[in-house]
Amino acid sequence: MVALRVTSEFWISAFKKRLEGQGIPIFVIQKGDNLAGAIIIRVSNLRGNAKVFIQEPTLTGERSWIEFLNGSDIEIEAFLENQIRFDVDLWILEVEEHTGINFFKEFLL
């Protein structure tokens with residue numbers, strides 16, 4: 001069976017609607033390629049720290065969100081700036097979530 005993939009822009013639109021429906025602020029910090037741009041999600045705890053989540057394939061070929069980086073806002077900003085220089089098609093989303101939980105685990109591309 002072939003897995004269906006949605007465009008980055010469509011996935012982000014659906015993700016934003018879901019979070020906004022739960023009263024969770026989300027912002028597009030960097031707009032990438034509409035069709036297949038990679039997505040990085042920064043989850044800010046609003047106290048000077050953040051986590052960065054990326055998707056990666058599992059051993060079974062499915063995709064899963066993983067926590068890639070956890071640090072101060074300064075460290076996260078430096079990381080994201082490097083990623084933007086490396087990949088101009090990259091999307092960066094920022095979610096404000098005071099507990100910093102991984103609430104999108106089941107929300108895959």
Side-chain angles (χ1 to χ4, degrees):
M1 174 182 249
V2 175
L4 296 175
R5 299 253 340 212
V6 298
T7 66
S8 297
E9 183 177 44
F10 182 84
W11 185 91
I12 289 167
S13 176
F15 187 59
K16 282 184 67 173
K17 285 185 187 217
R18 179 177 181 200
L19 294 185
E20 288 169 348
Q22 296 176 20
I24 300 171
I26 179 171
F27 307 95
V28 176
I29 304 301
Q30 169 77 23
K31 187 174 191 274
D33 182 74
N34 290 340
L35 296 177
I39 301 169
I40 292 178
I41 300 177
R42 173 186 183 166
V43 179
S44 174
N45 69 4
L46 304 176
R47 292 185 302 272
N49 291 307
K51 294 180 180 182
V52 171
F53 291 88
I54 62 170
Q55 274 200 332
E56 73 174 23
T58 64
L59 294 175
T60 62
E62 297 174 2
R63 298 188 67 76
S64 176
W65 286 102
I66 62 159
E67 182 180 322
F68 185 76
L69 186 60
N70 185 346
S72 71
D73 285 339
I74 294 169
E75 293 169 317
I76 300 299
E77 278 299 317
F79 169 78
L80 294 176
E81 287 174 13
N82 285 334
Q83 294 304 303
I84 292 169
R85 280 193 293 270
F86 177 73
D87 184 358
V88 295
D89 294 330
L90 179 69
W91 288 82
I92 298 177
L93 307 178
E94 181 162 343
V95 177
E96 293 180 355
E97 217 303 306
H98 69 281
T99 60
I101 60 169
N102 183 351
F103 47 80
F104 51 86
K105 215 172 190 137
E106 73 282 356
F107 212 80
L108 302 174
L109 275 176

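For the pair Arg42/Ile29, no side-chain contact is recorded, criterion being any heavy-atom separation below 4.5 Å from C-beta on. No side-chain heavy atom of Leu93 sits less than 4.5 Å from a side-chain heavy atom of Ile40. Between Leu69 and Glu75 the shortest side-chain heavy-atom distance does not fall below 4.5 Å. Side-chain contact between Thr7 and Asn34 is absent, with no heavy atoms from C-beta onward closer than 4.5 Å.
Taking CD1 of Ile66 as the start and CD of Glu56 as the end, the distance is 3.5 Å to the nearest 0.5 Å. One distance of note links CD of Glu20 with CD of Gln22; it measures 11.0 Å at 0.5 Å rounding.
In the hydrophobic cluster analysis, where Ile, Leu, Val, Met, Phe, Trp and Tyr join through side-chain heavy atoms closer than 4.5 angstrom, Leu35 is grouped apart from Phe10. Connection of Phe53 to Val6 is established within a shared hydrophobic cluster, with ILVMFWY side chains joined at heavy-atom distances below 4.5 Å, either directly or through further cluster members. No continuous path of ILVMFWY side-chain contacts below 4.5 Å connects Leu46 to Leu19, so the two sit in separate hydrophobic clusters.
Counting non-hydrogen atoms of other residues, nucleotides and ligands closer than 6.0 Å to NZ of Lys17 gives a total of 12 or fewer.
Scanning both residues, Trp91 and Ser8, for their nearest heavy atoms gives NE1-CB, 3.6 Å. Nearest heavy-atom pair, Trp11 versus Ile41, reported as atom, atom and distance to 0.1 Å: CH2-CD1, 3.9 Å. Scanning both residues, Ser44 and Ala50, for their nearest heavy atoms gives CA-CB, 4.0 Å. Scanning both residues, Glu97 and Val43, for their nearest heavy atoms gives CB-CG1, 3.8 Å. In this structure, Glu96 and Ile24 approach most closely via the heavy-atom pair O-CG2, 3.6 Å.
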Problem set entry | side-chain contact (heavy atoms from CB on, under 4.5 Å) between Ile39 and Phe15, worked out | CA-CA 12 Å; Ile39 301 169; Phe15 187 59; over 6 Å; no

For this session: Check the pair Ile92 / Phe27 against side-chain contact (heavy atoms from CB on, under 4.5 Å), numbers first and verdict last.
Result: CA-CA 9 Å; Ile92 298 177; Phe27 307 95; over 6 Å; no

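Of the listed residues (Asn49, Asn70, Val52), just one forms a side-chain contact (heavy atoms from CB on, under 4.5 Å) with Ile76, and that residue is Val52.
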